[in-house]
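Keep in mind that this is a model prediction, so the values were computed, not measured.
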Amino acid sequence: MENEQSRYSRLANITQIINAKLELKEVLQQVTTAISEEIVQCSAVGIYLPQGDGTYRGYAGKPEVMSGMTLQMLVIDPVTDPLAAEVIETRKTVYIPDTKTDGRPDPNSVESFQIRSLLALPISYKEELFGLVFLFNYGTPMNLRQSEIESVEAYVNMAGVAIHNAKIIAEKEKLLKEKQLLLDLSQELSFCSTIRESLRTCFAYLEKTADVCDFAVYIVRSSSAKEGRQIEFYKAGEKTESEWNENLKQLGLLGSYTDLLNDVVSSRKRMRLLMPGDKEGLLFPLVSMGQVQGVISIICRYDPKKDFENLQIPLMQSIIDATAPEFSNLLYMDQLEVMVEERTSALYAANKRVNSVIESITDGFFVLNKNWEYVYLNRHQFLPGGKKVAEVLGKNVWETYPEMVDTIIYTEFHRAMEERVTVRFEAQSEAEDYWYEVTAYPYDDGICCMLKNIKEKKKYEKELKRLANLDLIGQMAAGISHEIRNPMTTVRGFLQLLKADELLAPHAGHFDLMIDELDRANAIITEFLSVGNTRTSDMKMMNLNTILQDISPLIKVDVFNQNKHLEIYTQEIPDLLLNHNEIRQLIINLYRNGLEAMEEGGTLTIGTYMEGDGCTVLAVQDEGSGIDPAIIEKIGTPFYTTKDEGTGLGLGICYAVAARHNAKIDIETGPGGSTFSIRFPIDKTV
């Protein structure tokens, strides 16, 4: 009765220990202690748990040292131990009263420990085998009764429950640890802003689950239907693509690696690769939203003692599955950034080309918004007052240039802005002596304006008008010269005859007056013919200085008769292709105009010199009161004169002669006098 109470007490104690969730080894040690106390005649009790290689190693028992060997040093191999193999296969208790008559126990163990009797039991729970229990004695049989065997079985069953519970707890702890690891991973991935950061985080967690030697990532890009799928190398730790390929070459995988990657992408399943030595190859697809975004290739060390297939690979897969969505998003963002960058570059290039086109326009171009503020000006836009672009950009045009208010520019710009129509007009800038052809186009936010400098055009128009007048005069002169000169010659001849008649001598003065008037009319006709002539003949290479020297005596006489002074200066100048008579007439007309413009005592200056731009200049300068600016534009117009008895043809003849010699007449005037400069180009003579 006392033994029964002791047994129940031991079982209750073990149950309490199991429920207390103590360490498994402590629980099993309590089981072996209870068995040894129950079966006092046994010399040793040992619990053996399975190893990864199929053997069973001592884990807990009494005594801990036998024949100089610790319990952990004892290994039971079912291959060489028929008794252990039988217990494992049948899951039943085996009692051998006398080892001398039973050959199932391992003879080496029987001999080493002098085992005479042996009790072997399986530790199991719900058909799951957790380990083995061996009881034996030294030298003498245990002589166990059936009740004692049943008592031992009860204790062993308690060990099975303890191991089962410990396994469940371990699995729960493992799951909790894995879930926490995945939660930590997800949190860290959420802070990643680049693909490289997400991969770096992923592999930091993979290294916590396996002994990773190396890794690489391939990105799957969808190309056109013709090109098909493209798998591109992206990253291999700190290795370059060539270094990674060299690694594959050493492992004998380089040639078939592309096909392996395609197989993983097509099947969407991971793949294990056999490698030489202690290494294991793994290919994991990165799947997100049903699409394979990439493949992670891992090379790690393989430990046969660990359940790599069932324990480590699933966790690695979970880590990669958690990484895949973030990787996909970042890859998409990366692609979007590339697209945005490409489109931004394209827009920048297009904008640069547009700006280049606008900047290359030699006319002025500017843009005004609806508030009349400058928003753009090209580099050719002229700004009155010497202002710079930076000074007017963003400023109101009417506040910047108040003098333009109530001008044609103000009126037409407002019409373009308000009526949304294109306007074209011409405007003059009197301050800079510029003429502009202005075009204003409406656009969504204001108007675009183009200003074309037409100063030269206006000069050409003026010149064309003058030439048209000359041409008209030429046609008139050609048409009437013969018709008028013939009867005038006849009348002049008869007047000379009448003057010679002595009977008409009292009227000789009248005849002279009539003859002078006829000569004057003939001179006017001659001037008509000279102005209207557009072609020059008898052009020869000669020097302006020579012509000036030839005519200087005549000039001196005229200057002296008018009580005025003359200065003639000449510099060395090249010969030009000239008509002697026409140049002589041009000089006479200019110097006589200069004398008429001065009071007595004034000085007339005539000279020649070279200009830096390759022109030979003939200059005639007077000390008169200057020319009224209001009439400068009309100078040279046939029949326009300010003299009471002038014909208005003198300067017209000068302009015609200059035009026939490809020369240009410039006028500088002021209160101190006027200077007429005739510029003859050296390389553009007729």
Side-chain angles (χ1 to χ4, degrees), residues 462-463 466-467 469-470 473 520 523-533 544 547-570 578-609 616-661 663-680:
K462 178 183 175 182
E463 183 67 14
R466 188 183 67 79
L467 292 176
N469 290 335
L470 292 177
I473 294 170
R520 174 176 167 78
I524 291 173
I525 292 172
T526 301
E527 287 184 340
F528 264 123
L529 293 172
S530 176
V531 172
N533 184 23
L544 273 175
I547 299 174
L548 186 59
Q549 290 169 1
D550 290 344
I551 201 175
S552 61
L554 175 62
I555 300 173
K556 291 177 181 178
V557 170
D558 285 345
V559 170
F560 179 78
N561 290 336
Q562 296 184 32
N563 196 23
K564 298 172 184 176
H565 304 286
L566 174 68
E567 289 185 6
I568 297 178
Y569 67 91
T570 58
L578 305 172
N579 181 293
H580 182 278
N581 292 332
E582 290 189 347
I583 297 300
R584 185 176 183 277
Q585 185 64 44
L586 179 145
I587 296 173
I588 290 173
N589 288 354
L590 290 177
Y591 92 74
R592 284 180 177 174
N593 284 344
L595 290 176
E596 292 174 0
M598 295 190 300
E599 300 291 337
E600 289 186 4
T603 300
L604 179 71
T605 304
I606 304 175
T608 59
Y609 60 90
T616 300
V617 182
L618 169 65
V620 179
Q621 181 179 3
D622 63 60
E623 294 182 349
S625 58
I627 303 172
D628 188 348
I631 67 173
I632 281 186
E633 295 295 324
K634 300 178 181 179
I635 287 179
T637 303
F639 306 117
Y640 178 81
T641 181
T642 58
K643 302 175 185 177
D644 293 337
E645 297 181 357
T647 62
L649 295 175
L651 283 176
I653 291 173
C654 293
Y655 275 92
V657 171
R660 288 194 290 273
H661 286 78
K664 181 182 178 182
I665 299 178
D666 293 322
I667 303 173
E668 296 179 13
T669 185
S674 302
T675 301
F676 283 75
S677 300
I678 303 89
R679 289 177 167 81
F680 296 85

Tell me, with the steps shown, if Leu618 and Leu586 meet side chain to side chain contact (heavy atoms under 4.5 Å, CB included).
CA-CA 11 Å; Leu618 169 65; Leu586 179 145; 4.0 Å; yes
What is the minimum heavy-atom distance between Asp622 and Gly594, and which atoms define it?
CB-O, 3.7 Å
Closest non-hydrogen atom pair, Ser677 against Val617:
CB-CG1, 4.1 Å
My understanding is that only residues two or more places apart in sequence, or in another chain, count here; which of them pass side chain to side chain donor-acceptor pair (under 3.5 Å) with Asp666?
Arg679
Can you list everything that forms a side chain to side chain donor-acceptor pair (under 3.5 Å) with Gln562? Sequence neighbours excluded, please.
Lys564
Measure the spacing between [atom1] of [X] and [atom2] of [Y] and express it to the nearest 0.5 Å.
X      : Y      : atom1 : atom2 : value
Asp550 : Ile583 : CG    : CD1   : 13.0 Å
Arg660 : Tyr655 : CZ    : OH    : 15.0 Å
Ile678 : Cys654 : CD1   : SG    : 7.5 Å

Carefully, step by step, assess Leu578 and Phe680 under the rule side chain to side chain contact (heavy atoms under 4.5 Å, CB included).
CA-CA 10 Å; Leu578 305 172; Phe680 296 85; 4.2 Å; yes
Tabulate below the donor-acceptor pairs under 3.5 Å that side-chain atoms of residues 600-609 make, not counting sequence neighbours, or state none.
unit_1: Glu600; atom_1: OE1; unit_2: Asn563; atom_2: ND2; d: 3.2
unit_1: Thr608; atom_1: OG1; unit_2: Asn545; atom_2: OD1; d: 2.6

Start with the C-alpha gap between Asn579 and His661, add the side-chain angles, then the distance that decides, and say whether side chain to side chain contact (heavy atoms under 4.5 Å, CB included) holds.
CA-CA 8 Å; Asn579 181 293; His661 286 78; 3.9 Å; yes
Do Asn589 and Gln585 have side-chain N/O donor and acceptor atoms under 3.5 Å apart?
yes
Please evaluate residues Val620 and Asn593 with respect to the criterion side chain to side chain contact (heavy atoms under 4.5 Å, CB included), reporting the C-alpha separation (whole Å), side-chain torsions for both, the decisive distance (0.1 Å), and the verdict.
CA-CA 10 Å; Val620 179; Asn593 284 344; over 6 Å; no
Heavy-atom check, side chain of Ile587 versus side chain of Ile555, under 4.5 Å
yes
